[in-house]
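As the structure lists them, so they are numbered: ligands from 1, and atoms in each ligand from 1.
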Amino acid sequence: MQAGARAGKGRIGMIGTGAIGGFYGVMLARAGHDVHFLLRSEFAAVAEDGLRIASDVHGALSLDPVQAYRSAEQMPPCEWLLVGAKTTSNADLAPAIIQAAADGAKVLLLQNGLDVEADLRPLLPESLHLLGGLCLICVNRVGPGIIAHQALGAVNIGYHSGPCQGQAERMAVVEAAADLFRSAGIDSQAMPDLQQARWQKLVWNVPYNGLSVLLAASTSPLMASDQSRGLIQALMGEVVRGAQACGYEIAAGYADYLFTMTEKMPDYWPSMYHDYAHKRPLELDAIYARPLAAARAAGCELPKIEALYQALAFLDRRNR
Ligand SMILES: NC(=O)C1=CN([C@@H]2O[C@H](COP(=O)(O)OP(=O)(O)OC[C@H]3O[C@@H](n4cnc5c(N)ncnc54)[C@H](OP(=O)(O)O)[C@@H]3O)[C@@H](O)[C@H]2O)C=CC1
Ligand SMILES: CC(C)(CO)C(=O)C(=O)O
């Protein structure tokens, strides 16, 4: 499909162009969508040299020139706004989102964690749809505008809040979002319940993200030791219990499936490890504090996750 041929499906604005924003933005632009990228520290490099992906799945991909912006004020109105920034900056992103949004735009947070919409929703007009997307992918930034893609790629999407009346209308918006990704060759599922999808993703992120920082270990060594394997399984079990206490059933065998999937994945450093190594804030609220608070409010204590969170909060404070 020629560039621009899909522009009629709605202009896309990428708010935050790091590993996730860069990867999905390039895939969508290469499929012919009209994609506009908001950047911060990497603006000059990307405006000059474009975006490049070294993918172990798709080979070398690039986008040059890039419709790159340093400020949302210069962006054209976008029908879709995909947020690729970390959850730690969600409240700060509201002015940029509002500035770049067309009337009735759909805002999709491509972010891990629970209740990540909570800081942002009250700052957005009611006319904007807010959706969440859980990305099953291994990507990281390796240089300005350069992204390494190691494995996977699917995006599971659910509706959070907005003008839709009733589940049928909500699912129509979610299906349209999933279609956008599918049109770029990316697997995407429309999820009937976003909270359920967020809890499900935490089964992976709670053990691996935190332990990569605490133990300074990527997935291969974590999967090679009986001690860390036992700890990962215990943490996964607590996430499943927390979800159940909050009314979300995680399918029997799902934790085992993720455990086995990780054994087959190439060695991988989760995004939280990269944040720690670069002295950026860790997504501790989204991945630990909010799930712990939700479970506690439902009468369920999760002691191993609590201990992991306390240790990570200590490290995060000392790191900055
Ligand atoms: N990486 C992965 O494999 C996966 C990540 N996720 C989730 O995806 C989300 C994004 O992660 P990831 O892509 O790894 O993060 P990155 O750190 O790679 O990217 C975040 C980007 O957002 C930009 N940004 C932040 N604030 C602003 C702002 N105010 N204006 C403009 N740009 C801004 C950053 O710019 P700057 O360079 O200036 O900081 C950076 O380019 C997280 O919630 C993560 O948990 C989910 C699955 C897998
Ligand atoms: C599970 C994994 C590695 C790939 O989906 C991921 O999503 C993450 O790093 O957050």
Side-chain angles (χ1 to χ4, degrees), residues 13-25 36-46 51 53 55 68-73 75 81-97 99-100 108-114 116-117 120 132-156 187 197-198 200-213 218-219 222 232 236 257-259 261-262 264-288:
M14 188 62 72
I15 305 293
T17 309
I20 290 285
F23 176 80
Y24 290 111
H36 298 257
F37 296 82
L38 181 67
L39 290 118
R40 198 168 54 179
S41 64
E42 298 184 354
F43 169 79
V46 170
L51 285 162
I53 301 172
S55 171
Y69 303 83
R70 200 193 287 277
S71 155
E73 281 165 24
M75 293 174 74
L81 288 166
L82 311 188
V83 177
K86 287 267 155 58
T87 54
T88 43
S89 52
N90 276 1
D92 301 338
L93 296 174
I97 293 172
Q99 181 69 51
L108 171 58
L109 304 183
L110 295 173
Q111 296 176 328
N112 283 324
L114 195 69
V116 303
E117 301 82 4
L120 187 57
L134 285 313
C135 305
L136 274 148
I137 189 164
C138 300
V139 278
N140 66 284
R141 286 190 275 171
V142 291
I146 307 172
I147 295 147
H149 173 220
Q150 285 181 264
L152 308 171
V155 184
N156 292 336
D187 274 354
R198 289 200 169 284
Q200 194 169 296
K201 183 76 199 294
L202 286 168
V203 177
W204 197 92
N205 291 121
V206 164
Y208 291 100
N209 285 34
L211 291 179
S212 73
V213 172
S218 53
T219 52
L222 287 175
I232 289 162
M236 284 182 162
Y257 158 75
L258 288 183
F259 193 76
M261 176 195 89
T262 310
K264 294 186 189 144
M265 262 170 34
D267 188 30
Y268 176 65
W269 290 97
S271 57
M272 188 170 280
Y273 180 83
H274 294 286
D275 287 335
Y276 186 71
H278 289 94
K279 298 192 178 296
R280 297 190 289 250
L282 306 185
E283 295 184 295
L284 297 184
D285 261 13
I287 294 176
Y288 297 97

Asker: Can you find a heavy atom in the side chain of H278 that is under 4.5 Å from one in the side chain of R141?
Answerer: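 They are not in contact (no side-chain heavy atoms under 4.5 Å apart), so the answer is no.
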Asker: Do we see a donor-acceptor contact under 3.5 Å between the side chains of T87 and Q111?
Answerer: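 No - no donor-acceptor pair under 3.5 Å links their side chains.
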Asker: Which of the numbered atoms in ligand 2 are under 4.0 angstrom from any heavy atom belonging to N112?
Answerer: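 Those of ligand 2 that fall under 4.0 Å from N112 are 10 (O).
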Asker: Are M272 and N205 close enough that some pair of their side-chain heavy atoms sits under 4.5 Å apart?
Answerer: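 Heavy-atom side-chain distance check fails, nothing below 4.5 Å.
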Asker: Below 3.5 Å, N or O to N or O, backbone or side chain included: is there any such pair between G21 and ligand 1?
Answerer: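 The answer is no, given that G21 and ligand 1 share no N or O pair closer than 3.5 Å.
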Asker: With side chains defined as the heavy atoms from C-beta onward, is the minimum distance between S71 and Q99 less than 4.5 Å?
Answerer: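 No - every pair of side-chain heavy atoms lies 4.5 Å or more apart.
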Asker: Which heavy atom in L39 sits nearest to a heavy atom in A68, and how many Å separate them?
Answerer: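 Of all heavy-atom pairs spanning L39 and A68, the closest is CD1-CB, 3.7 Å.
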Asker: Using distance alone, with no hydrogens and no angle criterion, decide if Q200 and N156 have a side-chain donor and acceptor under 3.5 Å apart.
Answerer: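 Q200 vs N156: no donor-acceptor pair found between side chains.
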Asker: Is the contact between S271 and ligand 1 made by the side chain, the backbone, both, or neither, using heavy atoms and a 4.0 Å cut-off?
Answerer: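 For S271, only side-chain atoms sit under 4.0 Å from ligand 1.
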Asker: Taking distance alone, with N or O pairs closer than 3.5 Å, would you say S271 contacts ligand 2?
Answerer: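 Min N/O separation from ligand 2 is not below 3.5 Å for S271.
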Asker: Give the single entry among L38, I20, V46 that approaches atom 4 (C) of ligand 1 most closely by any heavy atom.
Answerer: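 Heavy atom nearest to atom 4 (C) of ligand 1 belongs to I20.
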Asker: Quick one: does R141 get an N or O within less than 3.5 Å of an N or O on ligand 1?
Answerer: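 Yes.
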Asker: List the closest protein heavy-atom neighbour of atom 19 (O) of ligand 1: residue, atom name, distance to the nearest 0.1 Å.
Answerer: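 Minimum-distance protein heavy atom for atom 19 (O) of ligand 1 reads G18 CA, 3.3 Å.
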Asker: Counting N and O atoms only, with roles assigned by atom type, does the side chain of N112 sit under 3.5 Å from a partner on the main chain of I287, one being a donor and the other an acceptor?
Answerer: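 No: the side chain of N112 does not pair with the backbone of I287.
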Asker: So, is C138 polar-close to ligand 1, with some N/O to N/O distance under 3.5 Å?
Answerer: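 By distance alone, the answer is no.
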Asker: Does an N or O from C135, backbone or side chain, lie closer than 3.5 Å to an N or O of ligand 2?
Answerer: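 C135 vs ligand 2: N/O contact under 3.5 Å present.
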Asker: At less than 4.0 angstrom from any non-hydrogen atom of S41, what atoms of ligand 1 do you find?
Answerer: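 Reading through ligand 1 atom by atom, the close ones are 36 (P), 37 (O), 38 (O).
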Asker: Between V116, V139, L282, N140, flag the one that comes closest to atom 1 (N) of ligand 1 by a heavy atom.
Answerer: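 Comparing heavy atoms across V116, V139, L282, N140, the nearest one to atom 1 (N) of ligand 1 lies in V139.
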Asker: Is the shortest N/O to N/O distance between E283 and ligand 1 below 3.5 Å?
Answerer: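 So ligand 1 has an N or O lying under 3.5 Å from an N or O of E283.
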Asker: Between T17 (side chain only) and L38 (backbone N and O only), is there a donor and an acceptor less than 3.5 Å apart?
Answerer: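 Here the side-chain-to-backbone pair exists.
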Asker: Which heavy-atom pair separates N209 from S271 by the least distance, and what is that distance?
Answerer: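 N209 and S271 have their closest heavy atoms at ND2-OG, 4.3 Å.
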Asker: How close does the nearest protein non-hydrogen atom get to atom 30 (N) of ligand 1, and which residue and atom is it?
Answerer: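 Of every protein heavy atom, R40 CD, 4.1 Å lies nearest to atom 30 (N) of ligand 1.
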Asker: Measuring from the heavy atoms of Y268, does anything fall under 4.0 Å of ligand 1?
Answerer: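 Contact check Y268 vs ligand 1: positive.
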Asker: Does G16, backbone or side chain, put an N or O under 3.5 Å from an N or O of ligand 1?
Answerer: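 No; every N/O pair is 3.5 Å or more apart.
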Asker: Quick check: does E42 get an N/O under 3.5 Å from an N/O on ligand 1?
Answerer: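 No, there is no polar N/O contact under 3.5 Å.
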Asker: Taking the minimum heavy-atom distance to atom 46 (C) of ligand 1, which of L136, N112, L109, N205 ranks first?
Answerer: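 The option holding the nearest heavy atom is N112.
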Asker: Should you measure from each heavy atom of S89, which atoms of ligand 1 turn up under 4.0 Å away?
Answerer: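 Contacts of ligand 1 toward S89, numbered from 1: 26 (N).
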Asker: Could you give me the CA-CA distance, side-chain angles and deciding distance for T88 and D285, then say whether side chain to side chain contact (heavy atoms under 4.5 Å, CB included) is met?
Answerer: CA-CA 8 Å; T88 43; D285 261 13; over 6 Å; no
Asker: Give the residue and atom name of whichever protein heavy atom lies nearest to atom 11 (O) of ligand 1, and the separation in Å to one decimal.
Answerer: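 Nearest neighbour among protein heavy atoms for atom 11 (O) of ligand 1, to 0.1 Å: K86 CE, 3.4 Å.
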Asker: Would you mind checking which non-hydrogen protein atom is closest to atom 48 (C) of ligand 1, with the distance to 0.1 Å?
Answerer: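 Sorting protein heavy atoms by distance from atom 48 (C) of ligand 1 puts I137 O, 3.3 Å first.
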Asker: Between ligand 1 and L110, is the shortest N or O to N or O distance under 3.5 Å?
Answerer: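 There is such a contact, yes.
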Asker: In terms of residue, atom name and distance, what is the protein heavy atom nearest to atom 10 (C) of ligand 1?
Answerer: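 Protein heavy atom with the smallest distance to atom 10 (C) of ligand 1: G84 O, 3.5 Å.
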Asker: Is there a side-chain contact between Y69 and M14 in this structure, where contact means two heavy atoms from C-beta onward sitting under 4.5 Å apart?
Answerer: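 No - every pair of side-chain heavy atoms lies 4.5 Å or more apart.
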Asker: Below 4.5 Å, heavy atoms only, C-beta onward: do I97 and L120 meet side chain to side chain?
Answerer: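 In short, these two side chains touch, coming nearer than 4.5 Å.
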Asker: Flag D275 as yes when one of its N or O atoms lies below 3.5 Å from any N or O atom of ligand 1, and as no otherwise.
Answerer: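 No, since none of the N or O atoms of D275 sits under 3.5 Å from an N or O of ligand 1.
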Asker: Compare all side-chain heavy atoms of Y24 with those of C135 and state whether any distance is below 4.5 angstrom.
Answerer: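 Yes, their side chains come closer than 4.5 Å.
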Asker: Give yes if a backbone or side-chain nitrogen or oxygen of I137 is under 3.5 Å from a nitrogen or oxygen of ligand 2, and no if not.
Answerer: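 The answer is yes, given that I137 and ligand 2 share an N or O pair closer than 3.5 Å.
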Asker: Mind checking whether W204 and P270 have side chains closer than 4.5 Å, heavy atoms only?
Answerer: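 Side-chain contact under 4.5 Å: yes.
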Asker: Considering distance alone, does some N or O of K201 sit under 3.5 Å from an N or O of ligand 2?
Answerer: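 Yes, K201 has an N/O under 3.5 Å of an N/O on ligand 2.
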Asker: Does H149 reach the main-chain N or O of A151 with its side chain, forming a donor-acceptor pair under 3.5 Å?
Answerer: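 Confirmed, H149 side chain pairs with A151 backbone.
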Asker: Is the contact between K201 and ligand 1 made by the side chain, the backbone, both, or neither, using heavy atoms and a 4.0 Å cut-off?
Answerer: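 Contact part for K201 vs ligand 1: side chain (C-beta onward).
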Asker: Only heavy atoms count here, so choose which of L39, L93, L134, T17 is nearest to atom 28 (C) of ligand 1.
Answerer: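 When every heavy atom of L39, L93, L134, T17 is considered, L93 comes closest to atom 28 (C) of ligand 1.
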Asker: Can you check whether G210's main-chain N or O pairs, donor with acceptor, with Y288's side chain at less than 3.5 Å?
Answerer: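 Yes, Y288 side chain to G210 backbone: donor-acceptor pair under 3.5 Å.
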Asker: Starting from atom 3 (C) of ligand 2, find the nearest protein heavy-atom neighbour and note its residue, name and distance.
Answerer: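 Answer, as residue, atom name and distance: Y268 CE2, 3.1 Å.
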Asker: To check your reading of the model: name the closest protein heavy atom to atom 47 (C) of ligand 1, its residue, and the distance in Å.
Answerer: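 Nearest neighbour among protein heavy atoms for atom 47 (C) of ligand 1, to 0.1 Å: C135 O, 3.2 Å.
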Asker: Could you check atom 1 (C) of ligand 2 against the protein and tell me its nearest heavy-atom contact, residue, atom and distance included?
Answerer: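 Its nearest protein heavy-atom neighbour is W204 CD2, 3.2 Å.
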Asker: So is there a nitrogen or oxygen of N205 less than 3.5 Å from a nitrogen or oxygen in ligand 2?
Answerer: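 Looking only at distances, the answer is yes, because the N/O contact criterion of under 3.5 Å is met.
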Asker: Which heavy atom of the protein is the closest neighbour of atom 22 (O) of ligand 1, given with residue, atom name and distance?
Answerer: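 The closest heavy atom on the protein side is A85 CA, 3.4 Å.
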